[in-house]
There are 2 protein chains.
Amino acid sequence: MTPVAVNIENCINHKNSVFKSLSNEEKKILSETHSAHTYKKGELIFKEGDKPTGLISLLEGKVKIFKEGVGGREQIIRMAKPHGFIGYRALFADENYAASAVCIEDSSVCVIEKNTLFKILKENSSITLHIMKLMASELGFSNNRTVSLTQKHIRGRLAESLLFLKDTYGMEEDNITLKIYLSREDIASLSNMTTSNAIRTLSAFASEKVIALDGRKIKIYDIKKLERISELG
Amino acid sequence: MTPVAVNIENCINHKNSVFKSLSNEEKKILSETHSAHTYKKGELIFKEGDKPTGLISLLEGKVKIFKEGVGGREQIIRMAKPHGFIGYRALFADENYAASAVCIEDSSVCVIEKNTLFKILKENSSITLHIMKLMASELGFSNNRTVSLTQKHIRGRLAESLLFLKDTYGMEEDNITLKIYLSREDIASLSNMTTSNAIRTLSAFASEKVIALDGRKIKIYDIKKLERISELG
DNA sequence: ATATAAATATGCTTAAAAACATACAAATGT
DNA sequence: ACATTTGTATGTTTTTAAGCATATTTATAT
């Protein structure tokens, strides 16, 4: 991880921050009640059942959000990227976390304390509506996934996951290598299949020249075909 | 359907309405810009791709919200009941509808025009936060369902659906008959299975004395066992 | 009242994916 | 440097649920 000072500034003044429009007065309040944390790859940020203490903003790194299902089987429901929120659903639903968050890479976050947040939201309806829009988009995403994961076949689900990872994290400078390095097990948890089937189907895609595999590095050769496989089911 | 005058009063002053705390001035604005509609069983309120014009509140009846998946296969993602909102996700995400809404029974709705709604929300952050909480709960529900529908076996999925219908619509006066009458096809779309398998598995539950079937009427005899089947997967 | 269509029911076959088994490679800790 | 664990790969078997076929019952339309 590039060592970046974990600072509330990175959280509230970044171009993608929903808080950048706040008054200096309000920003001061935010900066006085925030906390910051760093995590190593594999570390837990929160787990199912924990009580949210504030709004977590991911500053650096990559995080998977997943639920434990039947027999402890993991289902990844979301992947977070820098300057996105983590665990905000539970916070706004006033519930305990219904999912766990684990870092895929070394990561840093800042946390805006719950009461301060709601005080500021009460005074700034446009920010509240903005966060509401984020949540509405995520609900649409979740509904889409429910249908994809239940109706598409293994190849379709895996193709969709690869396209999703591309959309979320983008490509390396070569414009062909996915800018995220997941274990086969995580790819499986994302795509609702067993690890064996993830490995098998990745191999199949590779031998069809749709992708190329080099350890955890995935190169996408034929994105059109991947889209067709995903559409087809 | 019991003939009830479709009136904005039923929408904004009902005990479950998020708008009941508004000032008389604001209520007046709402009532001047609302519209009301009635639908017969089977009729469409909106369909995937339509543009939302306002916030729809269901006054009477029952509505299924579903998406078309692979090969037109239907997946019910939500069931609405009186005094709940319909289609609010698309409205707040500023997207076209990603799902369709069809009445399961004769229904009536009132619609609060979009611009009026947002004007009022900007002035009433506690209502916005309230709606946000609703949406956060629904997102939690959607995530849960993603896991259930993908990981549970047919019996577990059907059991979960029956319990969900009980929680959503409750029981008839006898306290044993589900207060909703769905086709086997709709039960299948709700539970992510083929109609054949829904029929087969309902029959199995009936012969195990967990439920009793009488046409579309479903009596739940052994709710504990149903819960066990649902938990088990 | 009768024809037609739609919904329900059940058996049989096939396809898809999980489960299991085993081998091998890579990473990690001592 | 070596042992141990974890992750990747691939073949085989078994289970699950879809797909298909065909009655039978119930609604709906004429």
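Note that these values count all heavy atoms, side chains included, but never hydrogens, waters or copies made by symmetry. Residue numbers begin at 1 in each chain, while the letters A, B, ... track the order of the sequences.
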Problem set entry | Between P of D:dA9 and CZ of A:F205, the distance in whole Å | 15 Å
For this session: Quick one: label A:R216 by what it contacts on the DNA or RNA (base, sugar-phosphate, nothing), any heavy atom closer than 4.0 Å.
Result: sugar-phosphate
Exercise. Is A:S196 touching bases, backbone alone, or none of the nucleic acid, heavy atoms closer than 4.0 Å?
Worked result: base
For this session: For D:dA9, take OP1 and OP2 only and decide whether either is under 4.0 Å from a side-chain N or O of A:R200.
Result: no
Exercise. When the aromatic ring centroids of B:F141 and B:F164 are compared, is their separation below 6.0 Å?
Worked result: yes
Exercise. Does OP1 or OP2 of C:dA9 have a side-chain N or O of B:S203 closer than 4.0 Å?
Worked result: no
Exercise. Side chains of A:E60 and A:S108: donor-acceptor distance under 3.5 Å anywhere?
Worked result: yes
Exercise. Salt bridge or not for B:E74 and B:K67, using N-O below 4.0 Å?
Worked result: no
Problem set entry | Residue mapping more 5' on DNA chain D - nearest nucleotide basis, A:R184 or B:N192 | A:R184
Exercise. C:dA7, D:dA17, C:dA19: which one has an atom nearest the side-chain heavy atoms of B:E185?
Worked result: C:dA7
For this session: Using a cut-off of strictly less than 4.0 Å, decide whether B:T195 has a side-chain nitrogen or oxygen near OP1 or OP2 of C:dT8.
Result: no
Exercise. Among D:dA18, D:dT8, C:dA18, which nucleotide sits nearest the side chain of A:S183?
Worked result: D:dT8
Exercise. To the nearest Å, how far apart are A:Q151 CD and C:dA16 P?
Worked result: 16 Å
Exercise. Hey, are A:K41 and A:E105 close enough for a salt bridge, meaning a charged N less than 4.0 Å from a carboxylate O?
Worked result: no
Exercise. Out of C:dA17, D:dT16, D:dG7, which has the shortest distance to the side chain of A:R157?
Worked result: C:dA17
